Number of protein chains: 2
Amino acid sequence: MLNETAYRPLTPEIAQQLAAIVGEKYLIYNDPENLEAFSHDEIPGFKYRHMPEAAVRPETTEEIVRIMKLANREMIPVTPRGAGSGLSGGAVPVRGGIVILADRMNKILEIDTENMMITVEPGVVSNEINERLKEHGLFYAGYPMSLETCYIGGNVAENAGGGKAVKYGVTSRYVLGLEVVTPTGEVVKLGGKLIKNVTGYDLIQLLVGSEGTLGFFTKIILKLMPLPKAQADLLCLFETIEEAIGLVPRIITETGVVPTSIEFMDQASVITACNYLNETIPYENCGAMLLLTFDGSDMEQVEKDYEAVGKFIEKNQVQEIYVADNPTTSERIWKIRRNIAEAFNLISARQSGEDLVVPPAQIPDLLADFQEIIKKYGILLPCFGHAGDGNIHARIICPPEWNDEKWEAALPEILEDVYRKTVALGGMLSGEHGIGCKRRKYIGRFISEEHLNLLRMIKKSFDPNNIMNPGKVF
Amino acid sequence: MLNETAYRPLTPEIAQQLAAIVGEKYLIYNDPENLEAFSHDEIPGFKYRHMPEAAVRPETTEEIVRIMKLANREMIPVTPRGAGSGLSGGAVPVRGGIVILADRMNKILEIDTENMMITVEPGVVSNEINERLKEHGLFYAGYPMSLETCYIGGNVAENAGGGKAVKYGVTSRYVLGLEVVTPTGEVVKLGGKLIKNVTGYDLIQLLVGSEGTLGFFTKIILKLMPLPKAQADLLCLFETIEEAIGLVPRIITETGVVPTSIEFMDQASVITACNYLNETIPYENCGAMLLLTFDGSDMEQVEKDYEAVGKFIEKNQVQEIYVADNPTTSERIWKIRRNIAEAFNLISARQSGEDLVVPPAQIPDLLADFQEIIKKYGILLPCFGHAGDGNIHARIICPPEWNDEKWEAALPEILEDVYRKTVALGGMLSGEHGIGCKRRKYIGRFISEEHLNLLRMIKKSFDPNNIMNPGKVF
């Protein structure tokens with residue numbers, strides 16, 4: 001590992017220099033009450049929290065360059081932070097130092113309708129992009145579940161997945177250009193308004209998903225698509241988890257239709273989200289649901305698609321299929337789906353949110369393995385997520401009757417089992433939430449030492465002093 | 001730059017060791033006649049040629065590990081080679097040493113219909129993949145113009161684009177897993193049968209398009225899609241280049257339809273390819289053509305799409321639109337398109353094939369700039385390519401009346417003008433053919449020194465002795 005012992009404290013003198021860069025009112029220092037908000041992300045509990053020594057709210061690339069040069073010279077850790085809606089501790093300043101907030105860099109710089117591209121700053125709320133694009137008949141295909149709060153800069157840093165990846169892929173597919181300030185304070189412009197580009201190694205794709213460890217994005221150029229004119233959802237209720245999840249890998253192969261979304265929610269996930277939202281949907285006797293979305297250029301085609309898939313599902317053990325072909329009903333269902341994570345976060349600090357990804361056809365095997373683990377430990381293990389991508393969010397939840405000690409002792413063993421089974425199915429540690437500090441110590445279970453060495457050397461190439469978001473990924 | 005002066009000659013002793021690894025009959029050494037084939041790719045002329053000292057034809061990953069360790073220890077350059085169909089000198093052993101041929105690693109290892117993925121060795125001919133997938137109702141969306149001869153390993157190394165990228169994107173979108181032998185002889189397995197994966201930096205996307213400078217791919221896992229059940233082409237004839245190219249950026253924005261392909265061919269390109277193929281199409285009075293392809297799950301939808309686009313084009317100055325809705329006619333037209341590069345290659349060694357990419361809406365500006373350059377120098381500058389992606393292949397061709405001296409003196413000036421105008425439009429040096437040795441000295445015109453430094457450091461992380469495909473990219 002790169003040396004993490006040489007960091008220096010953030011002295012009042014350095015704080016003064018930071019104030020000179022961003023302006024007094026955009027520095028938070030010696031102010032634990034206001035710094036506390038930047039000590040954590042959305043991971044429940046207190047385990048993955050750490051206070052920064054200062055937070056700054058720069059407005060320009062030039063300010064970030066100066067902050068980075070200062071930090072690099074003074075050996076002070078720097079942690080970039082978007083909306084703080086992450087689930088892996090990626091924005092937690094685990095070594096203290098400076099948190100750089102993206103919230104003032106929140107401008108949509110250009111909507112280029114001719115090239116079907118948008119240029120944004122990192123602090124733009126993801127949802128705002130599509131709100132602004134509607135009138136132009138365009139859309140950005142990223143759809144993270146936290147889209148109402150998360151920032152596009154965080155989406156790029158984490159390579160956010162989300163609800164539309166079955167058809168549209170994840171964030172990385174849409175990032176065509178980046179302006180990035182490296183940990184040594186250089187501004188590097190990568191790509192541009194270019195659909196294709198092989199001029200040098202693809203550093204954009206290296207930076208997308210690098211979890212804020214290689215640089216701070218100051219401008220992002222995203223590819224857009226024509227706004228689909230029609231959309232419909234199928235909400236399919238099943239008696240058992242097995243019946244629901246067993247169909248997932250067969251939907252595309254047996255119908256030839258690629259839905260926009262293939263989402264899975266077990267009963268506990270639906271109930272938890274509905275309680276949180278004070279919402280009701282008819283889940284009484286249903287053990288699990290699949291939520292399928294279809295979109296396209298006209299309703300006729302969308303109908304054809306969802307009818308083909310609906311017919312296939314009907315031939316199996318489905319209890320009920322509801323069609324939602326109007327935006328209000330669709331939004332009601334999707335809101336439940338989007339709020340599952342937050343709803344779980346609130347119920348207890350004694351849980352671990354996993355973000356496993358396996359080959360899509362192995363999704364039923366993974367959930368069968370989970371049943372064994374549930375029996376073995378007597379824990380709760382509700383599941384939901386982007387089943388069509390092979391990406392399942394599993395919540396390992398402590399039974400109410402366990403005390404902290406028992407939970408803390410059992411969790412590593414449970415994770416051991418969960419990860420062993422995931423590896424055996426050809427899976428990986430994280431599909432979209434990132435490794436951050438939460439999963440860092442487990443990455444070596446999934447990728448080899450030679451592989452890790454390449455990551456370390458790349459990190460060192462960008463960040464020789466290891467000041468940028470240290471304590472993350474590996 | 002990494003030191004390129006320390007290479008050692010490939011002695012008979014080392015040749016013996018190579019023979020011990022791959023077997024006597026799979027080593028070509030001291031045999032200029034048979035080595036000559038590996039001294040060049042498809043660039044016309046003799047400028048970018050260099051003889052290897054040996055060529056080996058390994059069959060297994062283990063053999064490649066042993067070759068690489070030997071070369072790394074003995075400081076002998078290693079150049080990976082696919083089918084040799086490249087257009088940037090990527091497979092040319094410009095520092096001599098060993099060429100590793102992929103031709104015996106040509107197995108389709110697995111067709112996984114459940115996960116809709118295929119695992120192949122690097123020496124599989126790209127076209128064979130779809131031939132084999134047909135019976136499963138699946139397809140791989142890569143469609144490089146040399147698909148009948150090129151290898152999938154080369155496609156991945158160059159991040160090949162091709163004829164279907166408007167709808168389906170380029171090679172990188174489909175590479176989910178790689179087994180790679182690094183220049184130091186380590187086997188690293190990246191990704192897997194995973195649609196999403198954020199477990200560590202995305203090394204797959206770093207390696208895709210790295211032009212054989214970071215490792216030798218031994219296994220490739222590709223994502224597949226349901227085979228479109230319907231396809232049709234529109235061949236649109238225009239009187240002038242301006243009329244044809246001017247419509248390109250408007251097709252998607254004004255119709256909302258995303259065609260599979262938006263290809264451009266000027267008259268000289270069509271005539272050259274037709275002559276080469278002894279083919280005729282009605283181009284007499286036509287200055288340029290657009291070839292648009294549409295595919296989808298049924299003909300009704302495809303018709304709707306091409307009619308919407310056809311109607312839009314008809315409202316402009318089109319001479320004629322031909323619809324090709326059967327495979328025979330479609331293949332006849334596409335064969336012409338696919339053979340333009342090869343047809344040009346054969347007419348003269350005094351030419352330079354460019355692979356410029358600009359924002360799609362700037363494509364008309366680029367071609368207008370070319371008209372100025374044509375006038376200024378009195379050269380020929382036929383153009384064709386993937387206009388919908390902003391990627392134009394321009395052939396700078398020496399007028400027949402010029403002598404070699406005049407041509408050699410003029411070419412750098414012409415390139416200077418071409419590149420200056422490309423940069424001014426926000427463009428890049430290569431959209432899909434790669435930098436190789438041909439464009440290496442120009443890369444600094446397009447990307448900054450800080451950017452280049454990051455590339456150099458990444459290269460050094462993978463290849464500390466700079467033995468892997470030296471003299472390429474930067």
Side-chain angles (χ1 to χ4, degrees), chain A residues 113-116 137 158-159 161 165 170 173 186 188-190 192-203 205-206 208-210 226 249 252-253 256-258 297 301 357 359-361 389-391 426 428-432 434-435 443 446-448 450-451 454-455 457-458 461-462 473-474, chain B residues 113-116 137 158-159 161 165 170 173 186 188-190 192-203 205-206 208-210 226 249 252-253 256-258 297 301 357 359-361 389-391 426 428-432 434-435 443 446-448 450-451 454-455 457-458 461-462 473-474:
Chain A
T113 55
E114 280 194 294
N115 278 309
M116 299 205 295
E158 301 292 324
N159 195 8
V170 298
R173 188 185 288 182
E186 311 290 345
V188 181
K189 289 179 188 179
L190 303 170
K193 291 184 180 176
L194 302 170
I195 304 286
K196 297 155 72 172
N197 176 23
V198 293
T199 310
Y201 305 149
D202 194 342
L203 295 192
Q205 296 303 321
L206 181 70
V208 175
S210 63
I252 301 176
T253 51
V257 174
V258 179
S297 51
Q301 183 61 30
V357 61
D389 307 316
N391 183 206
M428 282 280 170
L429 182 54
S430 180
E432 58 176 24
I435 305 303
I443 193 171
F446 291 83
I447 69 179
S448 69
E450 291 78 18
H451 186 164
L454 292 172
L455 302 186
M457 286 191 286
I458 288 168
S461 301
F462 280 77
V473 188
F474 51 81
Chain B
T113 54
E114 281 194 294
N115 279 308
M116 299 204 296
E158 301 291 324
N159 195 9
V170 297
R173 187 184 290 183
E186 310 291 343
V188 181
K189 288 177 188 180
L190 302 169
K193 290 184 180 176
L194 302 170
I195 303 285
K196 298 156 72 173
N197 175 23
V198 293
T199 310
Y201 306 149
D202 194 342
L203 295 192
Q205 297 303 321
L206 182 70
V208 175
S210 64
I252 300 175
T253 52
V257 175
V258 179
S297 52
Q301 183 60 31
V357 62
D389 307 317
N391 182 207
M428 282 281 168
L429 182 54
S430 179
E432 58 176 25
I435 305 303
I443 193 170
F446 292 83
I447 68 178
S448 69
E450 291 77 18
H451 186 161
L454 291 172
L455 303 186
M457 285 190 287
I458 289 168
S461 301
F462 280 76
V473 188
F474 50 81

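Throughout, a chain's letter reflects where its sequence line sits, starting with A, and its residues are numbered from 1. Please read all numbers here as calculations on a predicted model, not as lab measurements.
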- Message: Under 4.5 Å from any heavy atom of chain B, what part of A/Glu114 do you find: side chain, backbone, both or neither?
- Response: both
- Pairs of heavy atoms under 4.5 Å with chain B: top-ranked of A/Gly390, A/Ser297, A/Pro249, A/Ala361: A/Ala361
- Query: So what's closer than 4.5 Å to chain B heavy atoms on A/Pro359: side chain, backbone, both or neither?
  - Reply: both
- So which of B/Glu450, B/Gln205, B/Lys189, B/His451 has the biggest tally of heavy-atom pairs under 4.5 Å with chain A? B/His451
- Contact class of A/Ile443 relative to chain B, heavy atoms under 4.5 angstrom: side chain
- Query: Nearest 0.5 Å, what's the CG-OG distance between A/Leu190 and B/Ser448?
  - Reply: 8.0 Å
- Item | Top contributor to chain B interface from A/Lys196, A/Glu432, A/Met116 [non-hydrogen pairs under 4.5 Å] | A/Lys196
- Message: Only pairs of heavy atoms separated by less than 4.5 Å count here; which of A/Gly192, A/Ser210, A/Gly161 has the most with chain B?
- Response: A/Ser210
- Specify which of B/Val257, B/Leu206, B/Asp389, B/Val473 makes the most heavy-atom pairs with chain A at under 4.5 Å. B/Asp389
- Between A/Thr113, A/Val357, A/Leu454, A/Val198, the one whose heavy-atom pairs under 4.5 Å with chain B are most numerous: A/Val198
- Task: Give the member of A/Val170, A/Leu203, A/Ile447 that has the highest number of heavy-atom pairs under 4.5 Å with chain B.
- Result: A/Leu203
- Pairing residues for A/Asn197 by the side chain to side chain contact (heavy atoms under 4.5 Å, CB included) criterion, not counting sequence neighbours: A/Leu194, A/Thr199, B/Met428
- Can any side-chain N or O of B/Asn159 pair as donor or acceptor with the backbone N or O of B/Val208 at less than 3.5 Å? no
- Query: chain B: which of A/Pro360, A/Ala165, A/Gly137, A/Gly434 shares the most heavy-atom pairs with it under 4.5 Å?
  - Reply: A/Pro360
- Query: Counting heavy-atom pairs under 4.5 Å to chain A, which of B/Leu455, B/Ile252, B/Ile435, B/Val258 comes out on top?
  - Reply: B/Leu455
